Chemist: 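Quick one: the structure is below, and I'll ask about it shortly.
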Protein chains: 2
Amino acid sequence: MSHVAAESESTDAAPPAAAEKPVEQKKKRGRPSRIDLDTIVGIARRILQEEGVAALSMRRVAKEVGTTPMALYHHVRDKDELLMLTLSGTADSVPRPELPDDPRDRLLAVSLHMHGTLARMPWVVEVLSLGDLTDKGALWMVEEIIDSCMTCGLTPAEAVAAYRTIWHCVYGDLVFRQAMARRAEEPDRRRHFPGMLTDADAEELPHMTALAGRWLELTADYDVAKQLGAVIDGLLGQARRP
Amino acid sequence: MSHVAAESESTDAAPPAAAEKPVEQKKKRGRPSRIDLDTIVGIARRILQEEGVAALSMRRVAKEVGTTPMALYHHVRDKDELLMLTLSGTADSVPRPELPDDPRDRLLAVSLHMHGTLARMPWVVEVLSLGDLTDKGALWMVEEIIDSCMTCGLTPAEAVAAYRTIWHCVYGDLVFRQAMARRAEEPDRRRHFPGMLTDADAEELPHMTALAGRWLELTADYDVAKQLGAVIDGLLGQARRP
DNA sequence: ACCTGAACACCGTTCAAGT
DNA sequence: ACCTGAACACCGTTCAAGT
């Protein structure tokens, strides 16, 4: 159940690229610590994976590590820092895909790879909402997107903006899907869009009342690849008419 | 300071369209309630406006209303329901803008109106992340977007998908801006992207290392209107090649 | 240097009792 | 019908003390 966490954990702990670690190299002086950052972060990551951010508390992590809550604060400044640390290394656990050579296809492929990867790690999306990207291993995707955009004729500034727009589409879709999944779990029928329309609204909102019956179907049919394709076309279109 | 809340509050409480209220019409039998839903929701809205979702607790609302926390549960099922209720009526507090006739311009104008409105109500964005749209007064924008898309030749299904993509761009940008604003407040220098790159990364990430120095500037220059324009071009482009 | 215990100032929500 | 009080099972974090 927790072998995915264990894997990325060992990736973190692997000594070769130790210079990359943000924590300063500690000489082993004084009392040797009985718990180390890597196990703390690993356990936190497992909790996030299995139960999401809402389930992660310092007290819970401490219990699973086998210490007091306060022992954690000796290794980590606060809960936020712990959350950020769970992110680093996760990108490296996903194999880098073959990418097409055509820059437009490449752009779409990388964007979809981002989307697909994160769709399988919903907790990462949740944590990303709270802070920014701290996982260096994910930057190759940004680089690829910017590079492809520039190959298609965008200026560096336009390429960076295009990256951000693509990211908004990817992130927005993931958040939307998660909200839907959460709502599906609750048997609780809070009324959302289609339910709150009556025939009386047909005049003001003709399309929406007409589509209300098909809304669930239409929502389910949303095709990220197709939409991202269209967005990319639009973004690259900037190059042709300056 | 709280007059915006007060306004939408009175909008809520206005009797004419009472049939719209989700709560069932209560006959005034039994002990008359000393606190009513509208004041609870109004106070919650003010707290959200002034201090954000993190500051909103049932206990806090109770204190400001002048009751015990548990009295609230007689008017509201749980905190989540209270949050959803704060949303309803907010859209009506914003005047509806004049819109251009050309459907493409109209599409962009409505999208920017959504963005601009929500940019001024950050708490709404925060609450929206937790649930779905419950404010009927906001649906005219969705209707306009779908209508314009269809006028441009999209099928209803494509129009709904296009709406969602536009929403992702709007929402994604707002979330991004809020995260940036929050980060700017903390003097705390957690290292985010540009700081974590060294010269050693120039080989793997040439564009990003080259742009690292300009990153803040480039981020600040992000032009939502321009990007949404490009996205809309791409989405409408679907119509021409079926 | 590393860990512990007790404490502070909070949470959302349930439940039994009051008027 | 509406409200209260006490209680349950939690939070993140500080602080003084232990080894």
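Quick caveat, the model's predicted, so the values are computed rather than measured.
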Chemist: When the distance from CG of B/L82 to P of C/dT13 is rounded to whole Å, what number comes out?
Modeler: 10 Å
Chemist: Whether B/H74 contacts D/dT4 is assessed here as follows: a side-chain N or O lying under 4.0 Å from the phosphate OP1 or OP2. Is that the case?
Modeler: no
Chemist: Scan every strand shown for a Watson-Crick or G-U wobble partner of C/dA1, both distances under 3.5 Å, and answer none if you come up empty.
Modeler: D/dT19
Chemist: What integer distance in Å separates B/K63:NZ from C/dG12:C1'?
Modeler: 15 Å
Chemist: Provide, to the nearest angstrom, the distance between the NE2 atom belonging to B/H75 and the C1' atom belonging to D/dT4.
Modeler: 13 Å
Chemist: Any idea which of D/dG12, C/dC15, D/dT14 is nearest the B/M70 side chain?
Modeler: C/dC15
Chemist: Before accepting this row, confirm whether a basic side-chain N of the pair A/E51/A/R60 lies closer than 4.0 Å to the acidic partner's carboxylate O.
Modeler: yes
Chemist: Of all the nucleotides listed (C/dC11, D/dG12, C/dC3), which has the minimum atom distance to the side chain of A/K79?
Modeler: D/dG12
Chemist: Inspect the contact between B/R96 and B/E143 and indicate whether a charged nitrogen and a carboxylate oxygen are less than 4.0 angstrom apart.
Modeler: no
Chemist: What's the CG-P distance between A/D78 and D/dT14, to the nearest Å?
Modeler: 8 Å
Chemist: Side-chain N or O of B/S57 less than 4.0 angstrom from OP1 or OP2 on C/dC11?
Modeler: yes
Chemist: What is the distance, to the nearest angstrom, from the OH atom on A/Y73 to the P atom on D/dT14?
Modeler: 7 Å
Chemist: When both hydrogen-bonding distances must be under 3.5 Å and the geometry is Watson-Crick or G-U wobble, what is C/dA6 paired with, if anything?
Modeler: D/dT14
Chemist: Provide the distance between the two P atoms, one in D/dC10 and one in C/dA9, to the nearest whole Å.
Modeler: 22 Å
Chemist: Taking atom P of C/dC3 as reference, at what distance in whole Å does atom CG of A/L72 sit?
Modeler: 10 Å
Chemist: Just the rounded figure in Å: distance from C1' of C/dC11 to CG of B/L56.
Modeler: 12 Å
Chemist: Take a 6.0 Å sphere around CG of B/D223 and say whether it holds more than 12 heavy atoms from other residues, nucleotides or ligands.
Modeler: yes
Chemist: Taking CG from A/D80 and C1' from D/dC11, how many angstroms apart are they, rounded to a whole number?
Modeler: 15 Å
Chemist: Considering just the side-chain nitrogens and oxygens of A/T68, establish if one lies under 4.0 Å of OP1 or OP2 belonging to C/dC3.
Modeler: no
Chemist: Which of the following nucleotides, D/dT13, C/dG12, D/dT4, is nearest to the side chain of A/M58?
Modeler: D/dT13
Chemist: Are A/D92 and A/K136 ion-paired here, with the side-chain N under 4.0 Å from a carboxylate O?
Modeler: no
Chemist: Can you pull the salt bridge (charged side-chain N to carboxylate O under 4.0 Å, His left out) pairs that have at least one residue in residues 110-119 of chain A, sequence neighbours excluded?
Modeler: none
Chemist: Among C/dG12, C/dC3, D/dC3, which nucleotide has an atom closest to any side-chain atom of B/R59?
Modeler: C/dG12
